[in-house]
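Here's the structure we're looking at; comments come further down.
Reckoned from all heavy atoms, side chains included, excluding hydrogens, waters and symmetry mates. When a ligand or atom number is given, it counts from 1 through the structure's own listing order.
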Amino acid sequence: MSELTPELDIAIDRVRSEVAELHAELVRYGLVVWTGGNISGRVPGSDLFVIKPSGVLYDELDATSMILCTLDGTVVEGTPGSHRSPSSDTAAHAFVYRNMPEVGGVVHTHSTYATAWAARGEEIPCVITAMADEFGGPIPVGPFAIIGDDSIGRGIVETLTGHRSRAVLMANHGPFTIGRDARDAVKAAVMLEDVARTVDIARVGGDLVPMPQEAIDALFARYQNVYGQSAGAAPAQPTSSQQPTAAQDAAEQPTHQTPSQPAQQGATA
Ligand SMILES: O=C(CO)[C@@H](O)[C@@H](O)COP(=O)(O)O
């Protein structure tokens, strides 16, 4: 296990806070009921990840209730939250982190429309530009696997390795999503449920109209590389009515020189 240096402690605390806060997004976007979903985040530069405790209500979650695990899914004893059992899906998340080094976050939900496609064992065809943007093609179905060993994680890795999609519909179970970090994986889960609902409703009304592959490729490339704000985008300037007065300016001058902050990272796709 990684040596617990002060720098690593800071990184762990940052991931704890982010993963804890992101669970509220699952509730906000209607992706979970009760405790039926989980998020984990890899601690960058280490062989550790943070995951939610099993069966704990989302409004009881905070940074200290997250559970620190090694990449084999073992709880790091003596760390905050380690008195509880980690998520039922800890083995699956750990398997993904061990086998997909580029993945920094994993999410699992039973969101309604995505889980309905999983119940049919049917991939979601890429028939809307929102899918091309976010997933670059269809949302694949993974094998039926039950909790208890590496089978769910193995199914996720075998399905998503080399696939553009950051989401997989595990047959008869529900969606798992991956991302470069936990926030990216949560975004994938949110966008997945949106497109699953749209395509499901569209299909009720009639035949789905396929999109040309070259259009899907072009949309995916644009969205992944151009959409949103560039990293160096200047922060929004206040409008004339919001111009601070001289007094406000003076009041906001720091009493000490703080190091200049890097330009605000713009929102990215
Ligand atoms: O899908 C399942 C159980 O089948 C779990 O992912 C879900 O209930 C959430 O469990 P946890 O609270 O993360 O242990």
Charged N-O contact under 4.0 Å between R166 and E134: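 Here R166 pairs with E134 in a salt bridge, since their nearest N and O are under 4.0 Å apart.
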
Taking only Lys NZ, Arg NE, NH1 and NH2, and the carboxylate oxygens of Asp or Glu, determine whether D150 and R98 approach each other closer than 4.0 Å.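 Looking at D150 and R98, the cut-off is met.
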
Listed by chain and number, what are the salt bridge (Lys or Arg N to Asp or Glu O under 4.0 Å) partners of E122, not counting sequence neighbours?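 Listed in chain order: R120, R203.
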
Below 3.5 Å, can you tabulate the donor-acceptor pairs from side chains in residues 155-162 to any protein atom, sequence neighbours excluded?
residue : atom : partner : partner atom : Å
T159    : OG1  : G155    : O            : 2.6
T161    : OG1  : V157    : O            : 2.6

As a test of reading the model: which residues have a non-hydrogen atom less than 4.0 Å away from ligand 1?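 If the criterion is a heavy atom under 4.0 Å, then ligand 1 touches T35, G37, N38, K52, S54, G55, S87, S88, D89, H108, H110, I147, H173.
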
Going by the side-chain hydrogen bond (donor to acceptor under 3.5 Å, both in side chains) test, which pairs reach into residues 31-43, not counting sequence neighbours?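 Found N38-S87, N38-D89, N38-H93, S40-H93, S40-Y97.
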
Heavy-atom pair with the smallest gap, counting every atom of G136 and I216: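 Answer, listing the atom of G136 first, then I216: O-CG2, 3.5 Å.
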
